[in-house]
2 protein chains.
Amino acid sequence: MTDPLAPAGPSSRRPVTLVIADDHPVVRHGLRSIFASSPDFAVLGEAADGPEAVALVTRLDPDVVLMDLRMPGGGGVEAIGELVRRDVRTRVLVLTTYDTDSDTVAAIEAGATGYLLKDTPRDDLFDATRAAAEGRTVLSPAITARLVSRMRAPANETLSARERDVLRLVAQGTSNREIAALLFISEATVKSHLTHIYGKLNAKDRAAAVATAYDRGILG
Amino acid sequence: MTDPLAPAGPSSRRPVTLVIADDHPVVRHGLRSIFASSPDFAVLGEAADGPEAVALVTRLDPDVVLMDLRMPGGGGVEAIGELVRRDVRTRVLVLTTYDTDSDTVAAIEAGATGYLLKDTPRDDLFDATRAAAEGRTVLSPAITARLVSRMRAPANETLSARERDVLRLVAQGTSNREIAALLFISEATVKSHLTHIYGKLNAKDRAAAVATAYDRGILG
DNA sequence: GACGGCATCAGCCGATCGGCTGATGCGGCT
DNA sequence: AGCCGCATCAGCCGATCGGCTGATGCCGTC
């Protein structure tokens, strides 16, 4: 994993330019000071939310933007999508505390080049950032493991929008009949959706479905 | 508790000494560099988990330990309890990303002097740390608001250990009869526990109970 | 144009749930 | 001694759920 003899040309190449996007001042300071300790990187700027990050990246044109996923006022996923839409050359490296399935999948699908957890050690962070700058995909070991196990277990299907609607109401204690009324469909349809949800989430009943939905980040 | 030799005052000349306990290297760096920017503070050391934090605090005797709650290998709450048991004079200032009810309450009950979220701005962090060093309780505005609203709403009762046992099984899709068998009690007792759970969590059925339990940090 | 996923609906039936009205024993607090 | 929370148990009953089988229309893909 950590190769001290890795051919990392410190002064040979131009430093990797960065923008940091995180709503936590503590984390921004931490990342800045970590990258300041190496001549291979140059932090061009910091943003505290999604829109700010998009504006900054567009203006500064960094090699990589380190982006937190959960930020107030337009989350990270929307920002990633916007950057992709603008077709910037900057690579997005998601760096977050959370590792729920929905976050991970959403970020990768939106176009992130990598996904790291904040407990990543300094050197691994350097490696990953360099890799991201070159367009290589990097994932935290924990994330990789879960995605792989996810692929292996077909129990990992995605809920449709309608199924999520139903599940959200179920989590509020709404009965099938009430759900039917609220969604303007018949009770039979609600039951049908629920049967599909149980199958997809591998849950035995509505309580278990709600629980695994929370575990996977679908709810809450 | 009090150092007889310290000319303690609201703005004493001696810097406030700190130990940082967080499993995220990024956060440790961030806090260190933030506090390094002010002459009012001196960071004595860093720990990456609970036991390490306890050892370091015992050895270095800082004024304040900034502690993350969720750490591998012995979480922050246990560490706080251990520090209190050892009767150290060091104040514990919890600094975490999460603000679930159970975390907050557990930390305060364990003996934390303050509870801040990591999105706290630099200056507020300084103020809070100084306050904690003097033994004053400090809470993030968001935390305070929730605790207050919690007090006002009597809907905030605590589940008993047995009730949590039942609820945990319910979240796994276990039927009442199965729960009874697993816990060596009768089905009637399970139903009784559930009725109490519904009342305490203000939930209509088991699905809603599981959902609010997740929301309040009782599960997951 | 066939295929598959999604959303919609129907009826039947046994299993399960949740509400109701109780009761007992234990332990802690006042 | 009295009160209260907790855990334990009982029976009854209507409401709800979940499984099963099967059907239709829409839409996007191959």
Side-chain angles (χ1 to χ4, degrees), chain A residues 101-102 105-106 109 150-151 153-213 216 218-219, chain B residues 102 105 109 150-151 153-213 216 218-219:
Chain A
D101 289 351
S102 64
V105 173
E109 279 181 352
R150 176 70 40 127
M151 294 302 169
N156 174 32
E157 309 177 55
T158 319
L159 296 188
S160 73
R162 202 53 160 170
E163 285 161 355
R164 281 196 301 274
D165 289 342
V166 171
L167 190 53
R168 235 172 271 126
L169 290 169
V170 164
Q172 291 165 25
T174 320
S175 76
N176 291 352
R177 191 170 305 166
E178 292 167 334
I179 293 173
L182 288 170
L183 298 184
F184 303 106
I185 57 182
S186 90
E187 199 179 332
T189 305
V190 174
K191 291 178 66 174
S192 174
H193 285 313
L194 275 174
T195 301
H196 294 148
I197 291 172
Y198 299 151
K200 289 183 177 181
L201 298 186
N202 194 28
K204 205 184 155 203
D205 59 23
R206 41 181 62 215
V210 168
T212 63
R216 297 199 188 170
I218 300 170
L219 288 176
Chain B
S102 64
V105 173
E109 279 181 353
R150 177 69 35 131
M151 294 301 169
N156 175 33
E157 308 179 55
T158 318
L159 296 188
S160 73
R162 204 54 162 168
E163 286 161 353
R164 282 194 301 274
D165 290 342
V166 171
L167 190 53
R168 238 174 267 127
L169 290 169
V170 164
Q172 292 166 26
T174 320
S175 75
N176 290 353
R177 191 170 307 166
E178 291 168 333
I179 293 173
L182 288 171
L183 298 184
F184 304 106
I185 57 182
S186 88
E187 200 178 330
T189 306
V190 174
K191 292 178 67 173
S192 173
H193 285 314
L194 275 174
T195 302
H196 294 148
I197 291 171
Y198 299 151
K200 288 183 177 180
L201 297 186
N202 194 29
K204 204 185 156 204
D205 58 24
R206 41 180 64 213
V210 167
T212 63
R216 297 199 188 171
I218 300 171
L219 289 176

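Below, read A as the first sequence line, B as the second, and so on, with proteins coming before strands; counting in each chain starts at 1.
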Chain B on DNA chain C: first and last contacting nucleotide, 5' to 3', under 4.0 Å to a heavy atom? C:dT16 to C:dG19
Is there side-chain contact between A:His193 and A:Asp165, with heavy atoms separated by less than 4.5 Å? no
Rounding to a whole Å, what distance do you find between B:Arg164:CZ and D:dC6:P? 11 Å
Closest to the 5' end of DNA chain D, once B:Asp205 and B:Glu187 are matched to their nearest nucleotides, is B:Glu187
Using modelled atom types and a 3.5 Å cut-off, is there a donor and acceptor pairing between side-chain atoms of B:Ser192 and backbone atoms of B:Ala188? no
Within the structure shown, what part of the strands sits under 4.0 Å from B:Ser175 by heavy-atom distance: base, sugar-phosphate, or nothing? sugar-phosphate
Quick one: is B:Ser160 getting a side-chain N or O under 4.0 Å of the D:dA7 phosphate, OP1 or OP2? yes
By nearest nucleotide on DNA chain C, pick out whichever of B:Ser192 and B:Lys204 is the more 5' one. B:Lys204
Checking side-chain contact (heavy atoms from CB on, under 4.5 Å) against A:Arg164, which of A:Leu159, A:Ile197, A:Leu169 comes through? A:Leu159
Rounded to the nearest 0.5 angstrom, the OG1-OH distance for A:Thr212 and A:Tyr198 is 10.5 Å
Within the 4.5 Å heavy-atom criterion, are B:Leu194 and B:Ile179 side-chain neighbours or not? no
Quick one: are A:Leu183 and A:Val190 in side-chain contact, heavy atoms under 4.5 Å? no
